Amino acid sequence: MTQIAAEVRCMRSRPAAFEHTPHGHGDHDHIAAANKAYFDEHADKLEEMHPEWRAMSRKQVDAMRTEWPDLFDKERTTALDFACGIGLVSEPLSQYVKSIVGVDISQVSVDRYNAQAARLGFSPEKMRAVCVELKGEPGELDGAKFDIVICRASYHHFASIDHITRALAALLKPGGSLLVSDIKAEADDRELVPAAHHDTVPHTHGISEERLRATFEGAGLSWVGMKDAAAHLGPEGKEITWFIARGVKPSE
Ligand SMILES: C[S@@+](CC[C@H](N)C(=O)[O-])C[C@H]1O[C@@H](n2cnc3c(N)ncnc32)[C@H](O)[C@@H]1O
């Protein structure tokens, strides 16, 4: 796995297709660059800025395990933690899977993730991250395929959830599952993300079940379902509901 082992410094490139969302800016390069800059600058302070994130993350991993227990086998399951950040999903997940590869666009986040994995005593085979922007092309991550791909608190940051979902589906083994946890759009479609974050968040109204299901099915995944997993008061006192959702790559 040379690409993974080499831990190349983060490179970005233009995806094949962009998407226009009802509330999105539709500019992949601009949004990806803004995310990289923001998380590079804030990775070392995120836990101080958002002390609730660690517990929220564990809660959402637990909700996935409760809902789909067969997906988590400590002896066998290989996991990709996409948009892994500093490792708030990988840490709780590590007890329930054989190995985890984290991927993120922010090099500072990836460096912090790997430092924490080493502090926890994990070998790189058990848990390590790489900074790379996936393009959905054959051979990415040195051709590795995973039993589960998990992506938490990040879909609302992607300019094109369709493009990202196709890239993630390509990294699943046949029969593998894509697990997403993110902000649920409310019935009145009100804005949920404060204006201060609109440069890094194109999906400011959250993501609806209808939208995510169409995205998963457009990427060739069978829709399993979406459930509420947690709720909390976000910035500006706005109540935010977090969903967990699963899609399955058909067996060959
Ligand atoms: C709110 S953080 C969530 C991090 C982690 N999943 C968690 O639950 O703590 C969003 C993450 O998405 C990453 N990100 C944003 N756009 C990305 C892209 N196009 N490719 C990979 N990572 C991206 C950011 O760098 C950041 O680490």
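Note that ligands are numbered from 1 as they come in the structure, with each ligand's atoms numbered from 1 the same way. Computed from a predicted model, the values in this text were never measured in an experiment. The figures here come from the full heavy-atom set of this structure, side chains too, leaving out hydrogens, waters and symmetry mates.
Under a 4.0 Å criterion applied to the non-hydrogen atoms of His157, ligand 1 contributes the atoms 1 (C), 10 (C). Residue Val89 has at least one heavy-atom neighbour below 4.0 Å for each of these atoms of ligand 1: 8 (O). Atoms of ligand 1 lying under 4.0 Å from at least one heavy atom of Ala153, given by number and element, are 1 (C), 3 (C), 10 (C). Atoms of ligand 1 found under 4.0 Å from any heavy atom of Ser106, numbered from 1 in the order shown, are 25 (O).
Annotation: the span from Ile161 atom CD1 to His156 atom NE2 amounts to 12.0 Å, rounded to 0.5 Å. A distance of 12.0 Å separates CD1 in Ile164 from NE2 in His157, rounded to the nearest 0.5 Å.
Under a 3.5 Å cut-off, the side chain of Ser57 and the backbone N or O of Trp53 do not form any donor-acceptor pair. Remark: the backbone N or O of Ala231 is not paired with any side-chain donor or acceptor of Thr241 at under 3.5 angstrom.
Geometrically, ligand 1 and Asp104 share a nitrogen or oxygen pair separated by less than 3.5 Å. On a distance-only criterion, Arg152 and ligand 1 share at least one N/O pair closer than 3.5 Å. Checked by distance only, ligand 1 and Val132 stay at 3.5 Å or farther apart across all their nitrogen or oxygen atoms.
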Ile148 vs Phe72, side-chain contact (heavy atoms from CB on, under 4.5 Å): CA-CA, chis, key distance, verdict: CA-CA 9 Å; Ile148 59 172; Phe72 302 88; 3.9 Å; yes
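Hydrophobic clustering of Ile, Leu, Val, Met, Phe, Trp and Tyr side chains at less than 4.5 Å, counting indirect connections, unites Leu120 with Val89.
At least one heavy atom of Cys84 sits closer than 4.0 Å to an atom of ligand 1. Using a 4.0 Å cutoff on heavy atoms, Phe82 counts as a contact of ligand 1.
If you look at Ile105 next to ligand 1, the close heavy atoms, those under 4.0 Å, come from the backbone and the side chain alike.
Atom 9 (O) of ligand 1 has its closest protein heavy atom at Leu88 CB, 3.6 Å. The protein heavy atom nearest to atom 5 (C) of ligand 1 is Ala83 O, 3.3 Å. With respect to atom 17 (C) of ligand 1, the closest heavy atom belonging to the protein is Phe158 CE2, 3.5 Å.
Comparing Gly85, Cys131, Ser154 by heavy-atom distance to atom 3 (C) of ligand 1, the nearest is Ser154.
Applying the side chain to side chain contact (heavy atoms under 4.5 Å, CB included) test between Cys84 and each of Asp104, Val130, Val103 identifies Asp104 as the sole match.
Between Phe82 and Phe146, the distance from one ring center to the other does not fall under 6.0 angstrom.
Using a cut-off of 4.0 Å between Lys/Arg side-chain N and Asp/Glu carboxylate O, Arg211 and Asp162 are scored as salt-bridged.
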